Amino acid sequence: MDIGLEVKTDELTEEAKKVLLKNIVGAFTKPAPELYPHQWNWDAGFIAIGYAHFNIDQAESELRHLFSGQWANGMLPHIVFNPAGDNQYFPGIDFWETWRSFDAPEQVQTSGISNPAVHAFALQRMYELAEDKGRALNFVQEMYPKIKAFHAYLYRERDPQQEGLVYIRHPWESGNDNSPTWDIPLEKIDFNKVKVPPFTRKDLNTSDADHRPTHLDYDRYIYLIDVFRKGDYKEDQIYRLTPFAVQDPLFNTILIRANEAMIELGEMIGENTSDFREWNTKAVLAMNSKLWNPSNALYDAYDLISNERIPMEASSGLMPLFAGIPSQTQADAIVKVLKGKMFAGAGGESYYLCPSFTPTSPKFDTKKYWRGPVWINMNWMLYHGLKRYGFDEEAVAIKNDSIELLSRYGFYEYFEPKRNATGQTPGYGSHQFSWSAALYLDLLSI
Ligand code: GLC
């Protein structure tokens, strides 16, 4: 691999496994040693893919534990709490007041919002890698109805106009927490008219404030949780009250890709897959008719409250490649954007692929979370998307950039996108970040 530095893949592989094993908390693996003491939803899917390479018991345990927090209406929460870590993270168990919902489980404590539906393709990857296919098949059978209930919840409760596109009702549901994409709808929350309940952040105890969301962002995040509490977690009530309901191209892409995985897995185990087919037919059409923006060759987001497109400048707009949503002609245009000044840079500025937000925007920030830095899970999805359309060279470039960043800096949460940056810290956010380690193991094998 020519990435201008010698990568000791064997040593890094051992290190990646160690990161994962060190972050185990009983039945699940936390995202990182300090900042995140609980189980996070989409992290669990990526983490299971990593374990599928060397510890199938733990891979299965991740998904089992996550789904132990599933709500009776199918909602899969973005956090399944570890009560022992409750004093380290805000908003914790009590703040969510999920007891207000008839659907929330009684024995397991969870948050009241969801996360991208990565589980079906994680399960599919586990099956592909399994040596014991009989066992893997049993696990597919065990998980299948649970994952189906989650997808059904999303299409039933989050698609009020039955368009085939689901909405997120909190930026954290997207997984791209403080992406500038959300600034536009969030700015509409008027704190002269509504009040934020009192709260104290805990993330700044263990992280650099320069790398984390601002206090204003947090006021907005917490205000939204208060809206959900006041709506008693009833989706129809929340939809009437919430100022934030956005169709996110990334969230929908992941769901469409997961539906595909459910079709393939379902055929294998003799399940009826017609729901998944219907959802995808409608969803792909809607992505292309409602969210595709031919003027910049990216998929926009859509604000259901103001009924407006949110112009896309984040890498989420490229991601529909991952689920085969664009035509080949659209894909050619998307790849031009990826390789052009919007993401790869131009002139004197060159960026590791792929910055989470475009360097051409004044909102670009190389250090701040989802406002510029490179994230390994996004690169993993982009890699697969590029391969899908025959862009092998570009896919390898993404893979090489990911491996270079991980080997140069370690298993950080997110990375400096500028290639020639000087004086930067090695990596940003948490060190020993589980999905960076897990997806390194998978990237090496694809
Ligand atoms: C951050 C990320 C989110 C992730 C969580 C746990 O909040 O933005 O995507 O799931 O950390 O790792």
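For ligands, and for the atoms within them, numbers begin at 1 and follow the listed sequence. Predicted, not measured: the structure shown is a model, and the values here were computed from it.
Considering all non-hydrogen atoms of both residues, H65 and A27 come closest at CD2-CB, 3.8 Å. Between N82 and F28, the shortest heavy-atom distance links the atoms CB-CZ, 3.8 Å.
For the salt bridge (Lys or Arg N to Asp or Glu O under 4.0 Å) condition, the pairs that include at least one residue of residues 429-446, sequence neighbours left out, are R125-D442.
Residues passing the side-chain contact (heavy atoms from CB on, under 4.5 Å) test with R201 are F199, D203, L204, R212, P213, H215, Y218, sequence neighbours excluded. Residues satisfying the ring pair (Phe, Tyr, Trp, His ring centres under 6.0 Å) criterion with F343, sequence neighbours excluded, are absent altogether.
Among protein residues, P31, Y36, W40, W42, D43, G175, D177, Y369, W370, E413, F433, W435 come within 4.0 Å of ligand 1, judged on heavy atoms.
For Y233 and W71, the distance between ring centers is under 6.0 angstrom.
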